[in-house]
Amino acid sequence: MLTAEPLSRVLGAEIRGLDLSRPIADADREQLLSLFWEHKVIVVRGQEVAPDGFIRFAEAFGTIEPFFISAYNLPTHPQIYVLSNVRQDGKPIGRDGAGTHWHSDSTFTEKPSSATLLHGVTVPDRGGDTLFVNTVDAYERLDDETKARIQGRRAIHRYQRKEFVYSGDRTIDESERKEIERVKALRMAEAAADAASPTAQRSNREPDRLHPIVRTHPVTGAKGLYLNDEMTVGIEGIPDEEAVPLLRRLCEVATAPETVLRFKWQQGDVVVWDNAAVIHSATFTPPDLPRVMHRLTIAGTVPF
């Protein structure tokens, strides 16, 4: 039988009783999904699981989908997308600096991913945390006037190259801020001197998508904010000078520091989150500390 140890007051739980090197029993899978929908972010600690085992675990949550940019896929297992700051011959072995702003995955598609899974293959001793926010809780904390203002409205989601942003973490001290600025400048200079990266090549070329600001969860029926701090560029039917500040205010309210779960990775951890009820942000990893993460996403449905 599985057990769940909550990670915070509003979301997250560590799941105990799973060995991902083995297939999951049907009864455990049913309980696992129930715990997932309840806690929205679940963690299985210390799993030195091979790619095949990681893929098998992901299939418990639905159908694995390919990422729309294949440049950083794991050669032996192309379903897996690699996130990493490690470089070989001056080139990254995975996508570096991605997701460093508040977002829900693939909102720039018609059917955004329902769940995302990360496996900590190489975890640094410092940095590389992931921040999570419960967007159902965020919606419930809004005043009635704001709820009425956004009900039935759709936000405009646009795919833009957004690497090395680091806008999600509000706890950065001055020394870390200077280090971030140094690394950002270095990476931007590299990008300017080299051919456009795969993500830059696709930037602003995907069609805009309209998704409800208040999303109804397809499984639980709960209502939550559906936000993206960098790629939500407007609101249908509202002038930008009014829409953009409203979206930014909603995200600030949603990500109030006291509501943020800061997850500190340990070697081998597997984390799964619910993209219909959670937004997340990567944090800074010092470039001299290697970090390698394997990512899988699960196909979703049209938000409503």
>> side chain to side chain donor-acceptor pair (under 3.5 Å) for T130 and W265? Distances and angles first, verdict last.
In response: CA-CA 8 Å; T130 305; W265 290 84; 2.9 Å; yes
>> Checking the side chain of Q31 only, and the main-chain atoms of L2 only, is there a donor and an acceptor separated by less than 3.5 Å?
In response: yes
> Who passes salt bridge (Lys or Arg N to Asp or Glu O under 4.0 Å) against K147, sequence neighbours left out?
Replying inline: none
> Is a salt bridge present between R182 and E179, judged by a nitrogen-to-oxygen distance below 4.0 Å?
Replying inline: yes
> Looking only at atom types and distance, does a side-chain atom of D229 sit under 3.5 Å from a main-chain N or O of W102, one as donor and one as acceptor?
Replying inline: no
Which atom pairs, donor and acceptor, lie under 3.5 Å between side-chain atoms of residues 113-124 and protein residues at least two apart or in another chain?
residue, atom, partner, partner atom, Å
S113, OG, E65, OE2, 2.3
S113, OG, S106, OG, 3.0
S114, OG, I298, O, 3.4
S114, OG, A299, O, 3.2
T116, OG1, D105, OD2, 2.6
T116, OG1, N275, ND2, 2.9
H119, NE2, Q47, O, 2.7

>> Parallel, tilted or perpendicular, judged at 30° and 60°: which one describes the rings of Y81 and Y72?
In response: perpendicular
> Please, which pairs that meet ring-ring contact (aromatic ring centres under 6.0 Å, His included) have at least one residue in residues 283-304, sequence neighbours excluded?
Replying inline: Y166-F284
> Parallel, tilted or perpendicular for F57 and F61, by the 30°/60° rule?
Replying inline: perpendicular
>> Going by side-chain contact (heavy atoms from CB on, under 4.5 Å), name the residues that satisfy it together with D288, two or more places apart in sequence or in a different chain.
In response: P286
>> Determine whether a donor-acceptor pair (N or O, by modelled atom type, separation under 3.5 Å) exists between the side chain of R170 and the backbone of P257.
In response: no
>> Between E181 and K178, does the salt bridge (Lys or Arg N to Asp or Glu O under 4.0 Å) criterion hold? Intermediate values first, please.
In response: CA-CA 5 Å; E181 291 305 317; K178 289 180 179 179; over 6 Å; no
> Stepwise, does the side chain to side chain donor-acceptor pair (under 3.5 Å) test hold for T135 with R215?
Replying inline: CA-CA 10 Å; T135 55; R215 180 176 182 176; over 6 Å; no
> In terms of ring plane angle, is the pair Y159 and F68 parallel, tilted or perpendicular, where the classes change at 30° and 60°?
Replying inline: perpendicular
> What pairs of residues pass the salt bridge (charged side-chain N to carboxylate O under 4.0 Å, His left out) test when at least one of them lies in residues 7-27, not counting sequence neighbours?
Replying inline: E14-R16, D19-R22
> Which salt bridge (charged side-chain N to carboxylate O under 4.0 Å, His left out) pairs, counting each pair once, include a residue from residues 258-277, with sequence neighbours left out?
Replying inline: R45-D269, D129-R262, D129-K264, D169-R262
> Just by distance, do the side chain of R29 and the backbone of A60 share a donor-acceptor pair under 3.5 Å?
Replying inline: yes
>> One pair to check against side chain to side chain contact (heavy atoms under 4.5 Å, CB included): R95 and I69. What are the steps and the verdict?
In response: CA-CA 10 Å; R95 190 173 175 190; I69 297 174; 5.6 Å; no
> Less than 4.0 Å between a side-chain N and a carboxylate O, is that true for R56 and D52?
Replying inline: no
